[in-house]
Amino acid sequence: MTDATTGAETLHDVTVTVNGVRRSAAVPARRLLSDFLRHDLELTGTHVGCEHGVCGACTVLVDGAPMRSCLMFAVTAQDHEVTTVEGLCSAPDARVAPTGESMNPVQQAFAECHGLQCGFCTPGFLTTVTAYLEENPSPTSEQAREAISGNLCRCTGYQNIVKSVLRAADIRTERAAEELS
Amino acid sequence: MKPAPFVHHAPVSVEEAVSVLGEVGHDGKVLAGGQSLIPILNMRLASPGHLVDINRVTGLDSVEVTPEAVRVGALVRHAGLERSAEAYAALPLLRQALVNVAHPAIRNRGTTVGSIAHADAAGEMPAILALTDGVVEVAGPSGSREVAWSDFFLGALETSLAAEELAVAVRFGRFPAGTGTAFTEAARRHGDYAMAGVGVAVTVTDGVVSGALASFVSVTDVPSVLDLGPALDGAEPGSGEWDAALDTVAEAVRGHVEPEGDIHASADYRRMLVTELTRRALPRAADRAGADT
Ligand SMILES: Cc1cc2nc3c(=O)[nH]c(=O)nc-3n(C[C@H](O)[C@H](O)[C@H](O)COP(=O)(O)OP(=O)(O)OC[C@H]3O[C@@H](n4cnc5c(N)ncnc54)[C@H](O)[C@@H]3O)c2cc1C
Ligand code: FES
Ligand code: FES
């Protein structure tokens with residue numbers, strides 16, 4: 001925990017594969033994965049709202065599955081694969097907002113359908129919806145609502161987010177068809 | 001907020017986990033999925049000096065179906081159990097209840113055994129362990145023991161697990177042939193903790209009810225099972241007699257539950273809700289019992 005003489009906290013060398021790149025930092029055991037990403041790795045795309053699992057803003061993909069990064073310690077994520085919102089697009093520099101085809105279908109759909117206003121909640125929606133569509137490529141509007149029920153948005157009133165989920169499903173299909181032709 | 005400093009232990013075997021738990025005693029906590037514990041740490045409602053992180057322990061992540069039970073290891077996530085086709089075939093009640101536990105992102109990380117060890121009166125899975133007459137498998141410094149659900153839950157957030165013990169698995173009992181089950185709850189928003197919920201199991205033999213049980217969420221301090229046999233036995237589902245029996249059931253449920261009021265719902269409202277939910281769940285379970293035979 002802390003060193004008796006210096007009062008400094010014991011640090012752990014944590015290595016996590018983030019967006020396909022092995023990243024390491026020395027952090028105390030209590031470092032939340034959300035803070036590890038934001039403070040230690042300077043990937044500030046992941047947002048932190050409530051720090052108790054309710055808002056969904058901090059949702060990242062751990063080994064492909066959406067999880068709350070505020071409810072996981074970096075030490076537990078050791079050797080796992082994490083995808084943050086920065087890793088969803090194929091743009092060369094993840095810190096520059098992607099445009100056009102470099103956006104993943106969910107990002108493109110949110111841009112087209114005004115699925116965001118202030119954008120605070122958006123990273124959590126994008127990761128959640130990206131993973132959801134992998135499993136359910138053509139949701140009904142009822143299912144789209146269910147898919148986003150664990151993420152809070154104080155701006156949009158959700159209608160355009162539901163539209164974005166449905167539009168993202170269409171874009172995925174369109175892009176798959178283009179690849180074939 | 002952020003958790004207070006703690007020492008992180010990452011044992012790789014049950015023996016090692018138990019030995020660390022023995023060393024740190026009351027200053028230690030098991031960390032499984034962290035979906036209940038980490039919010040508590042973040043809000044500094046607790047600040048244990050040691051966390052025994054069991055996520056690297058091998059051999060705890062399997063679901064096994066036997067003729068008597070569905071055995072769920074301590075590292076099986078809610079989502080893993082929910083998706084298990086074998087578990088669903090053996091005990092559909094598990095998936096029926098699990099889809100009501102929080103949101104998918106929480107279920108991807110939180111463990112079913114962890115929610116039982118946490119023993120929240122608003123948790124679905126403690127109630128399901130009771131309804132299925134389940135057992136908790138425990139490892140401790142002096143070996144292993146099995147604890148029946150009725151000896152496991154002592155109070156809200158209180159179990160008979162000692163500080164140096166680890167729950168390694170739970171076994172949910174299977175129902176006799178001809179049994180249908182249903183789970184239903186009411187929450188302010190889908191995925192939130194329920195204001196009231198109920199799981200039921202109805203056994204139908206030769207067209208009439210031969211057994212019926214119910215267990216409740218958020219309206220009793222500790223999980224408990226209400227035997228609805230006296231009200232429903234002998235009734236043919238859907239008949240006039242069955243409708244009258246449902247009134248007797250409603251009376252029994254009202255008398256059995258002890259809800260407390262809070263910001264989300266008053267005690268009276270919860271009692272009304274759970275009674276109505278039970279009325280709705282029973283016909284569904286009875287239908288499925290019919291489909292089963
Ligand atoms: C936003 C949100 C909504 C939620 N909604 C619901 C809901 O509707 N219904 C519901 O039931 N739950 C809900 N949960 C809680 C969730 O189900 C948790 O996963 C579960 O309660 C605890 O499991 P865990 O593996 O995360 O345990 P942890 O959080 O790691 O541990 C919980 C407690 O159990 C102890 N423990 C865990 N595993 C063991 C073990 N193997 N042996 C001994 N002790 C152990 C820990 O020491 C700790 O005290 C919600 C959580 C969040 C964040
Ligand atoms: S910050 Fe993690 S869920 Fe709100
Ligand atoms: S866009 Fe502002 S919170 Fe969702």
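A note on names: the letters A, B, ... follow the listed sequences, proteins ahead of strands, and every chain is numbered from 1. It should be emphasised that the depicted structure is a prediction, and the values quoted were computed from it without experimental measurement.
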B:Gln35 CD to A:His52 NE2 distance, which is reported to the nearest 0.5 Å: 12.5 Å
Considering all heavy atoms, the nearest A:Leu32-B:Lys2 contact: CD1-CD, 4.4 Å
Residues from residues 107-122 of chain A approaching chain B under 4.5 Å (heavy atoms): none
Residues from residues 162-174 of chain A approaching chain B under 4.5 Å (heavy atoms): none
Chi angles and distances behind the side chain to side chain contact (heavy atoms under 4.5 Å, CB included) call for B:Asn42, A:Leu71: CA-CA 9 Å; B:Asn42 284 356; A:Leu71 296 188; 4.2 Å; yes
Interface moiety of B:Ala79 toward chain A, non-hydrogen atoms closer than 4.5 Å: neither
Heavy-atom pair with the smallest gap, counting every atom of A:Cys70 and B:Ile38: O-CG2, 3.7 Å
Interface residue of largest heavy-atom contact number with chain B, from A:Met67, A:His12, A:Arg31, A:Arg68, under 4.5 Å: A:Met67
Neighbour count >12 (heavy atoms, 6.0 Å) for atom CZ, B:Arg280: no
Winner by heavy-atom pair count (cut-off under 4.5 Å) against chain B, out of A:Val75, A:Val62, A:Val54: A:Val75
Nearest heavy atoms of B:Pro3 and A:Phe73, plus distance in Å: CG-CE2, 3.8 Å
Residue-level contacts of residues 105-117 of chain B with chain A, using a heavy-atom cutoff under 4.5 Å: B:Ala105, B:Ile106, B:Asn108, B:Arg109
Distance-minimising heavy-atom pair for B:His8 and A:Thr76: NE2-OG1, 4.3 Å
Residue part contacting chain A, namely of B:Leu41, when any heavy atom lies under 4.5 Å: side chain
Distance-minimising heavy-atom pair for B:Pro5 and A:Glu9: CB-OE1, 3.6 Å
Contacts with chain B made by residues 146-154 of chain A (heavy-atom distance under 4.5 Å), listed by residue number: A:Glu146, A:Ser149, A:Gly150
Reported CZ-to-CD distance for the pair B:Arg56 and A:Gln78, which is rounded to 0.5 angstrom: 6.0 Å
Max heavy-atom pair count under 4.5 Å with chain A, selected residue of B:Leu31, B:Asp53, B:Asn55, B:Leu37: B:Asp53
